[in-house]
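Report on the structure given below.
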Amino acid sequence: MKIATYNVNGINARLPVLLRWLETSRPDIVCLQELKSPHEKIPENAISEAGYNAIWHGQKRWNGVAILTRGLEIEEVSRGLPGDPEDEQSRYIEAKVSGIRIGCLYLPNGNPAPGPKFDYKLEWFRRLQQHAQDLLKREEPVVLTGDYNVMPTEKDVYKPERWVDDALFRPEVRTAFKELLDQGWTDAIRKLYPDETIYTFWDYFRNAFDRNAGLRIDHFLLNPKLENRLKAAGVDREVRGWEKTSDHAPVWIELKD
DNA sequence: ATGCCAGAACTATTCTGA
């Protein structure tokens with residue numbers, strides 16, 4: 001079972017790249033973020049012709065998350081992160097696929113910090129912690145994956161000193177991420193590669209990809225039921241080098257059946 | 001501090017991203 005997460009930065013602008021990647025990588029389950037598309041404009045037919053079922057939570061212009069599966073049945077559990085009925089942003093969708101519960105999330109960026117956007121990020125993080133705690137009470141395997149917009153440690157940033165005041169790296173969000181892990185979640189990439197420099201995002205400016213000036217902000221968190229099933233994990237780095245690509249690369253894990 | 005790039009939206013300029 002191969003599960004992937006990919007911040008596409010606009011699903012319509014990214015469609016050729018997305019389809020090419022699906023064909024080469026062939027993940028069984030895919031979590032997408034930053035669809036930047038209203039519900040009715042998601043390219044449903046193209047996804048279906050590529051052999052994937054899909055559920056999604058779109059939004060005009062911003063955000064948007066989706067779960068795709070290669071022929072597997074998707075049972076949607078919820079859309080929207082619990083804890084704030086006023087929150088209109090499409091940043092969370094959860095489903096059950098093949099006995100695995102999958103939460104697909106797009107955590108707020110939070111810049112500029114401090115400020116209202118940073119407050120929203122921290123509040124969203126608190127709600128995520130609460131929901132994650134509830135999920136841990138379950139007996140079933142659970143994956144919480146997506147764009148967390150957090151570099152967990154200095155190893156996850158090309159130049160940590162430049163990012164200390166940024167909403168993706170400030171102590172508050174690193175602490176929040178650590179608290180999440182301390183609940184009992186495993187960071188899949190770090191479990192398999194504790195010391196390697198691994199990035200999942202390179203910005204479009206200043207030849208960041210060529211200079212490998214990257215960040216690790218897309219993560220897979222596994223509950224204890226899944227930890228022992230983790231077989232492999234990686235980043236499809238080459239996709240970041242394709243024409244008209246996203247600023248993120250896809251990240252994936254493989255689980256024992 | 002800001003620009004550098006990229007995508008989307010009531011098409012030209014603004015907002016957002018990380």
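Protein chains get the first letters and strands the later ones, always in sequence-line order, with residue 1 at the start of each. Here the structure is a predicted model, which is why all the values come from computation and not from measurement.
Dashed line: the shortest gap from a side-chain N or O of Lys41(A) to OP1 or OP2 of dA8(B) is not under 4.0 Å. Side-chain nitrogen and oxygen atoms of Arg14(A) include at least one within less than 4.0 Å of the OP1 or OP2 phosphate oxygen of dG7(B).
Distance check on atom P: dT2(B) versus dG7(B) gives 24 Å, rounded to whole Å. Rounded to whole Å, the separation between the P atoms of dC5(B) and dA1(B) comes to 22 Å. The gap from the C1' atom of dC15(B) to that of dC10(B) amounts to 15 Å, rounded to the nearest Å.
With respect to the salt-bridge test (charged N to carboxylate O, under 4.0 angstrom), the residues Lys225(A) and Glu140(A) do not qualify. The pair Arg190(A)-Asp156(A) meets the salt-bridge criterion, since a charged nitrogen lies less than 4.0 angstrom from a carboxylate oxygen. Ionic pairing of Arg126(A) and Glu123(A) is present here: one or more N-O contacts between side-chain nitrogen and carboxylate oxygen are shorter than 4.0 angstrom.
In this structure, Asn7(A) reaches the sugar-phosphate backbone alone: every heavy-atom distance under 4.0 Å involves primed, P, OP1 or OP2 atoms, never a base. Nucleic acid contact class of Phe169(A) (heavy atoms, under 4.0 Å, all strands): none. In this structure, Asn149(A) reaches the sugar-phosphate backbone alone: every heavy-atom distance under 4.0 Å involves primed, P, OP1 or OP2 atoms, never a base. Using a 4.0 Å heavy-atom distance criterion, Asp147(A) is classed as a sugar-phosphate-only contact. Residue Lys117(A) is in sugar-phosphate contact alone, with no base atom involved, counting any heavy-atom pair closer than 4.0 Å across all strands shown.
Nearest to the side chain of Phe205(A), among dC5(B), dA9(B), dG7(B), sits dC5(B). In the set dA8(B), dC15(B), dC10(B), the nucleotide with an atom closest to the side chain of Trp62(A) is dC15(B). Side-chain atoms of Arg91(A) lie closest to dG17(B) of the nucleotides dG17(B), dA8(B), dA9(B).
Looking at Val173(A), Leu128(A), Asp147(A) one by one, the single match for side-chain contact (heavy atoms from CB on, under 4.5 Å) with Leu107(A) turns out to be Leu128(A).
If you find the closest nucleotide of DNA chain B to Asn12(A) and to Leu107(A), the one lying nearer the 5' end belongs to Asn12(A). Along DNA chain B, the nucleotide closest to Asn111(A) and the one closest to Ile11(A) are compared, and the more 5′ of them pairs with Ile11(A).
Spacing between atom CD of Glu243(A) and atom C1' of dA6(B) amounts to 14 Å, rounded to whole angstrom units. The separation between Tyr148(A) atom OH and dG17(B) atom P is 19 Å, rounded to whole Å. Rounded to an integer number of Å, the gap from Arg61(A) CZ to dG17(B) C1' is 12 Å.
A distance-only check finds no donor-acceptor pair linking the side chain of His248(A) to the backbone of Ile217(A) [under 3.5 Å].
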